[in-house]
Amino acid sequence: MSKDVGVLSYGVYIPRGRLQRAAVYAANAWFAPGLKGLAKGERAAANWDEDAVTMAVEAGRDALMGFARDEIGAISLASTTLPFADRLNAGVVKEALNLSDDIAGFDAGGSLRAGASALIQALNGARAAPHLCIASDLRKARPASEAELNQGDAAAALLVGKGKPIAKFLGAHSVTIDFVDHYRAEGEDFDYTWESRWIRDEGYQKIAGDGLKAALKKIGLSGKEIDRAAIAISARGAPVLLAKLAGIRTEAIADTMSATVGDTGAAHPLLMLAAALEGAKPGDKILLVAFGQGLDVLAFEATPALLEHAPRDGLAGALARRKAETNYHRFLFHRGLLDLERGMRAEADQKQPGSTLYRNRKTVLALMGGRCAKTGAVQFPKTDISVNPNDHAIGTQEDYPLAERTAKIATYTADSLAYSPDPPSYYGMIDFEGGGRMIAEFTDVDAADVEVGREMRMVFRIKAVDEQRAFTRYFWKATRAD
Amino acid sequence: MAKGIKDRVAILGMGCTKFGERWDADADNLMVEAYQEAMADAGVDPSRIDAAWLSVAFDSVNIGPSGIPLATALRLPDIGVTKVENYCASGTESFRGAVYAVASGAADIALALGVEKLKDTGYGGLPTRTRGGKYDMIGAGGSAPGNFAQLASAYRAEHGVSKDDLKRAMAHVSVKSHANGAKNPKAHLQKAVDMDTVLNAPMIAEPLGLFDCCGVSDGAACAIVTTPEIARSLGKQDIVTIKALQIVSSNGWEAQGAGWTGSYFHTTRIAATRAYQEAGVAKPRDEISLMEVHDCFSITELVTMEDLHISKPGDGWKDVLDGFFDADGKVPCQIDGGLKCFGHPIGASGLRMIYENYLQLLGRAGPRQRATPPRLALSHNLGGMPSQNVAAISIVGLAGV
């Protein structure tokens, strides 16, 4: 394996809402008292305006901190819950991240190890132009199921390629077996899951255990050498079982984040790898294990470059940006599992003209503003004639990205009349640092978060869903900067 | 600046329906009702109408496109009918069309009619509608109260006014308009309310409660205009003439440029300055006798007092609390109840404001008639939202004043 191939950067996104499992259990105990043992801790729960694509964008932004976006050569998005079956979801993320048009892009899916599999492909094909590997999942689970409590929503991104990796790639090994511990048919919302004892014995112990041992042998590592074992199987006891089988030290076993985030599906292996990198020191050997109709095992060694890696939100930042959610009804409604009376105002047609979106894709998806080359005036959106009252210059607007700029609230309201899945809807005028302003919707905010002068940052979210034509409309919203 | 139209156009007759939830009427019934009153007042045969303007804002929920619905409802004598739409300022826009037609000499007698039938949508408030494919992708999806409520946040920040003080001043605006509306038999809402009711009403869009918002109504209003000479030749004694008519549309500076604080209406300030200049008004606070302003929300009326240069910036809320704009104040505002209580059939509202000023100038306003005859009466009609709007101002007075 080439010495200069590996992970160049990582990024994490965990939705702010953390659903309290005790609140879920309290609502469902009458029906499913057996869930009591799971009624501890919290799980990440995406807001109504998030999906696998929006979370991927946020993880991607975190990973790209300090990297030139026009140098990225490929982007992939792994998920089992992509919003579009045929429209490149990674392409939406690419536009939102304002990456060059001249890059490769693909979606990966079909298994909870899709993120790890895509990562192996990216590392094996590493080039000088880095590949942004993102995994993101926002799964639905039936109310009163174990999955509802165990799962979580998140995204993680790994930037890989040649250069100065923060963790060099030591090798990988894969096993593929049609082991149907659970499945979800096309078009279905929910998983169907087989008995956990069988999964433990045949799946984890045999398939994963044997595969892990074979992987270590192939890569040329002994279990004892592993400093951080990111075994992305959240079933209780599974990481310990596998570590023991492979001779990995107990203290090397990474936290599966079951108590704080939940099992984030296809995102989980990459999330755990990002967590391992965040806590690593140069020289640490890191193992990643992803399970799903087989196994992917990847090994890395942290390098001194890790110490110079630009500070980012990372796992610690994402974990800290939280709000405890105790309203189980709201969670169900936002998942489409509770049909609340939304009123006539929710009937407005949300049809999105495709040709208009294409013409304005940079404005809408990348939050691209304009800067007058003559006067320097910044505005959103770009227009033929500058808004600057002192010089209405014509045809002078250059692209001016606003997504990464902070902004201050100039005006705001909390609107209880307009339809919103999360009333009241907050919005107002914001002024970007460095110029430019817009009337923006706010998201992930509470009454105490909005005041004139408060600093905000932009996040990529669902603006509306055209339910008649099953089209998700995305745009940028403002949220607290801190 | 152009010489303007001061005293070149006279109002020959006006009419206005009862505003409210007119479950009994379609838009064409409302148009006929306002037209009949205006024609009876004007005292001319329909065949003398040379041109007509129709204003309606939400045509897709009532009459549909074009000027044809007006021509058909009134059976107009095969003349040109132009339909105009300029958000909630549409009423003054149709008035402008008719007035300019007369001022230019293209028409001897012209008609402006505004109508809105909103109570067939199935819910209260304005219908949601598209602002075009591009805007809909990037615009914030708020309601009218939410758009205007933002004025309050910026006003507080800019002038250092406490939440409580501003909320009380806003409540005073509404209490005053309800007291006025109670004396107007054509008003949608004819019930007085007290401060506590207003202050404790359910929140619609922070900080606007239910009573800080006007409702939406069905209704129509109509004006028939001509030259002062023709009016006299038709036997009119007291003639109300147009002293000024100014409309300013945002060019996007507020929402996209730099410098607007969000606490005032840029367009209203400019339109007011031009209107005073056109009318020859030097000291508006002393010279304007009466105002009908676009009080779609209490905070809109409050900041408009400053934008019309009646109150100093930052002092509007104090003038309001001092009763300066009350029925017995120095410059009564919304003596007919305003949008708040007379009602707000969007396309008709600008004409309704002029209707009230016209009645007051002629001493025909019934129980709410001003004891001292007004000298100059101003109407301010606003369409859109604070960050992007159309401000339309008219000043009317008796000929020779």
Side-chain angles (χ1 to χ4, degrees), chain A residues 343-353 355-357 359-360 363-364 367 377-381 383 385-389 392 409-420 424-429 431 435-442 447 450-453 463-464 473-477, chain B residues 121-130 132-158 163 202-210 213 250-264 266 297 299 385-388:
Chain A
M344 285 187 183
R345 285 179 185 280
E347 292 171 5
D349 192 351
Q350 298 291 345
K351 185 173 184 173
Q352 168 79 78
S355 44
T356 317
L357 174 59
R359 272 197 305 279
N360 296 283
T363 302
V364 178
L367 197 66
V378 177
Q379 65 175 72
F380 180 83
T383 50
I385 303 178
S386 171
V387 73
N388 182 355
H392 290 301
I409 296 178
T411 71
Y412 72 90
T413 188
D415 188 336
S416 300
L417 183 62
Y419 172 72
S420 164
S425 56
Y426 291 90
Y427 51 91
M429 185 165 72
D431 284 318
R437 61 168 37 172
M438 66 184 289
I439 316 282
E441 295 177 15
F442 301 165
V450 286
E451 189 48 271
V452 173
K463 178 161 171 57
R473 303 172 54 167
Y474 298 102
F475 188 49
W476 293 80
K477 300 181 184 177
Chain B
T121 56
Y123 57 95
L126 291 177
T128 49
R129 61 174 171 177
T130 175
K134 184 170 178 177
Y135 178 89
D136 288 351
M137 291 189 296
I138 59 175
S143 67
N147 291 330
F148 284 84
Q150 295 171 61
L151 285 166
S153 63
Y155 188 90
R156 282 198 295 106
E158 188 175 348
K163 268 188 181 176
M203 196 58 80
I204 301 297
E206 179 75 36
L208 304 178
L210 182 64
C213 309
S250 292
N251 71 2
W253 171 73
E254 302 97 308
Q256 296 179 328
W260 181 62
T261 59
S263 69
Y264 65 95
H266 175 61
F297 302 98
I299 187 66
M385 57 186 87
S387 61
Q388 210 163 46

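In what follows, chains are A, B, ... by sequence order, proteins preceding strands, each numbered from 1.
- Contacts between M203(B) and chain A at a heavy-atom distance below 4.5 Å involve the backbone alone (N, CA, C, O).
- Of the residues considered (S425(A), A348(A), G453(A), P381(A)), P381(A) shows the highest number of contacts with chain B, using heavy-atom pairs under 4.5 Å.
- Minimum heavy-atom separation, G209(B) to I204(B): C-CG1, 3.8 Å.
- A 4.5 Å side-chain heavy-atom check between R473(A) and M137(B) finds at least one atom pair inside the cut-off.
- For E441(A) against Y427(A), the heavy-atom pair with the smallest separation is CA-CB, 3.7 Å.
- Only the side chain of R156(B) comes within contact range of chain A, with heavy atoms under 4.5 Å apart.
- Residues M344(A) and Y419(A) have side chains not in contact (no heavy-atom distance under 4.5 Å, counting atoms from C-beta outward).
- For V378(A), the part sitting under 4.5 Å from any heavy atom of chain B is the backbone (N, CA, C, O) and nothing else.
- Annotation: side chain of N147(B) is not in contact with side chain of F297(B) (no heavy-atom distance under 4.5 Å).
- Between the W253(B) side chain and the A258(B) main chain, a donor and an acceptor come within less than 3.5 Å of each other.
- Interface remark: P424(A) contributes no atoms to any contact with chain B (heavy atom separation under 4.5 Å).
- The minimum heavy-atom distance between Q150(B) and T411(A), with the atom names listed, is OE1-OG1, 2.6 Å.
- Counting heavy-atom pairs closer than 4.5 Å to chain A, the top-ranked of the candidates A140(B), A157(B), G125(B) is A140(B).
- Closest approach of G146(B) and T413(A) over heavy atoms only: O-CG2, 3.2 Å.
- With chain B as the partner, the residue from A418(A), G428(A), P353(A), S386(A) showing the most heavy-atom pairs under 4.5 Å is A418(A).
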Evaluation steps, side chain to side chain contact (heavy atoms under 4.5 Å, CB included), between N251(B) and H392(A): CA-CA 11 Å; N251(B) 71 2; H392(A) 290 301; 4.2 Å; yes
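- Among E206(B), K134(B), Q256(B), R129(B), the residue making the largest number of heavy-atom pairs under 4.5 Å with chain A is Q256(B).
- The candidate from A152(B), P207(B), G141(B) with the greatest count of non-hydrogen atom pairs under 4.5 Å with chain A is G141(B).
- Residues V364(A) and Y474(A) have side chains not in contact (no heavy-atom distance under 4.5 Å, counting atoms from C-beta outward).
- Neither the backbone nor the side chain of L210(B) comes within less than 4.5 Å of any heavy atom of chain A.
- Looking at R437(A), the atoms closer than 4.5 Å to chain B (heavy atoms on both sides) sit in the backbone and in the side chain alike.
- At a 4.5 Å heavy-atom cutoff, the contact between T261(B) and chain A is made by backbone atoms alone.
- Proximity to chain B is limited to the side chain of Q352(A), based on heavy atoms less than 4.5 angstrom apart.
- Residue A377(A): no heavy atom, backbone or side chain, is found under 4.5 Å from chain B.
- Per-residue heavy-atom pair counts under 4.5 Å with chain B were compared for R345(A), M438(A), R359(A), K351(A), and the maximum is reached by R345(A).
- Of all the heavy atoms in Q379(A) and I385(A), the pair that sits closest is OE1-O, 4.4 Å.
- Only the backbone of E254(B) has a heavy atom closer than 4.5 Å to any heavy atom of chain A.
- Nearest heavy-atom pair across H266(B) and W260(B) is N-NE1, 4.4 Å.
- Neither the backbone nor the side chain of L367(A) comes within contact range of chain B, judged by heavy atoms closer than 4.5 Å.
- Neither the backbone nor the side chain of T130(B) comes within contact range of chain A; no heavy atom of the residue lies under 4.5 Å from a heavy atom of that chain.
- Neither the backbone nor the side chain of E347(A) has a heavy atom closer than 4.5 Å to any heavy atom of chain B.
- Contact annotation for N360(A): only side-chain heavy atoms (C-beta onward) come within less than 4.5 Å of a heavy atom of chain B.
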